[in-house]
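One structure below.
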Amino acid sequence: MTYVHRRPSWTIREARATPEAAFLNRRSILLGMGFGLGAAALPAASRAQDADPTADLYPASRNDAYQLDRELTPEEVNANYNNFYEYGTYKQVAEAAQQLRIRPWEITIDGLVDKPVTLQFDDLARKLPLETRLYRHRCVEAWSMTIPWTGFPLKALLAMVSPQSGAKYVRFETFLDPEMAPGQNDFLYPWPYVEGVSMAEAANDLAFMVTGAYEKPMVKQHGAPLRLALPWKYGFKSIKSIRKISFVTEQPVGLWQAIQPSEYGFWANVNPDVPHPRWSQARERVLHTGEMVPTLLYNGYAAEVAGLYKGMDPTVLFT
Ligand SMILES: Nc1nc2c(c(=O)[nH]1)N[C@H]1C(S)=C(S)[C@@H](COP(=O)(O)O)O[C@H]1N2
Ligand SMILES: [Mo]
């Protein structure tokens with residue numbers, strides 16, 4: 001693998017050490033205190049993503065409905081501990097993920113909608129107003145992070161394309177390009193990565209289409225240029241680097257579900273009382289402190305989403 005002998009992207013090069021390190025430290029301290037999301041206050045030259053054609057959309061306005069009761073995970077921690085199997089089956093995929101080419105990036109929205117459309121990500125990002133929300137994220141592997149995502153609610157995309165009554169689910173698909181993503185040469189996985197939600201879940205305000213993090217375009221390892229954030233579900237549902245969004249009748253089968261349906265179901269809602277077949281889900285490791293804390297039902301979002309599942313068989317909802 002080509003990246004083995006190269007310097008990891010997160011080591012700070014000598015020449016830039018002073019300003020970059022100071023910037024990162026200051027930023028993470030401010031973020032950890034729950035404010036300081038105003039990246040605009042920093043000199044433009046110190047912002048790494050300025051070349052991105054959507055950089056001017058940041059910082060976006062803050063949606064105060066979504067707050068946290070914990071510290072934000074420092075940016076450099078989140079950017080260096082990722083699940084992105086297209087680039088490797090371990091957490092240190094940040095440098096390998098730089099192979100992902102995110103321009104041009106065409107997104108197709110099709111299936112049972114009145115207004116199907118194929119458009120460039122840069123146009124989509126300007127069509128719908130962006131906002132910043134502080135979200136929790138709970139991986140099925142029992143670690144968690146918190147993050148300031150920027151994006152737009154999935155329900156705004158629904159309004160844009162007008163789903164038809166026959167649409168029961170939204171199916172999301174990641175790019176397929178084994179040359180750009182070495183992990184996709186691993187034939188043990190049924191690429192491309194696929195995930196899905198019900199129409200009711202898609203219309204819930206919490207379902208969020210993410211374009212940025214930490215008040216700038218999101219780094220590639222988080223799933224640039226467009227990913228999903230479903231904070232009440234296990235992290236594998238939050239699919240990265242989306243190319244296609246389809247409105248369908250049949251329940252989509254996710255990549256993990258296809259591999260092991262008894263461990264990674266379609267609903268995959270967070271529940272501390274329902275163990276994974278191979279480990280407990282009662283607690284989670286907070287990424288940047290290593291502390292073990294109790295996991296909450298629906299990852300703390302029960303008030304927002306429990307109503308979606310009234311009358312449904314509880315034995316299928318939490319795996
Ligand atoms: N395309 C794609 N999306 C993906 C994954 C992946 O491997 N490929 N991993 C999932 C899992 S298991 C988790 S926990 C989150 C991790 O997001 P993060 O790396 O930004 O923290 O992305 C999810 N989305
Ligand atoms: Mo995960």
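As the structure lists them, so they are numbered: ligands from 1, and atoms in each ligand from 1.
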request  = Hydrophobic side-chain clustering at under 4.5 Å (ILVMFWY, transitive links): who's grouped with Val293? Put none if nobody.
outcome  = Val286
key: Within one Ile-Leu-Val-Met-Phe-Trp-Tyr cluster: Met180 and Ile102, side-chain cutoff 4.5 Å   = yes
inquiry  = Given a heavy-atom cut-off of 4.0 Å, could you list the residues near ligand 1 in chain and number order?
reply    = Asn82, Asn83, Phe84, Tyr85, Glu86, His137, Cys139, Trp143, Met145, Thr174, Tyr193, His222, Arg227, Gly235, Phe236, Ser238, Ile239, Lys240
remark   = Note: Glu131 and Phe208 closest approach over all heavy atoms is O-CZ, 3.4 Å
Salt bridge (charged side-chain N to carboxylate O under 4.0 Å, His left out) partners of Asp273, counting only residues at least two apart = none
inquiry  = I'd like to check Arg171 versus Glu250 (side-chain heavy atoms, cut-off strictly below 4.5 Å). Are they in contact?
reply    = no
inquiry  = For residues 143-164, which residue pairs pass the salt bridge (charged side-chain N to carboxylate O under 4.0 Å, His left out) check, not counting sequence neighbours?
reply    = Lys155-Asp205
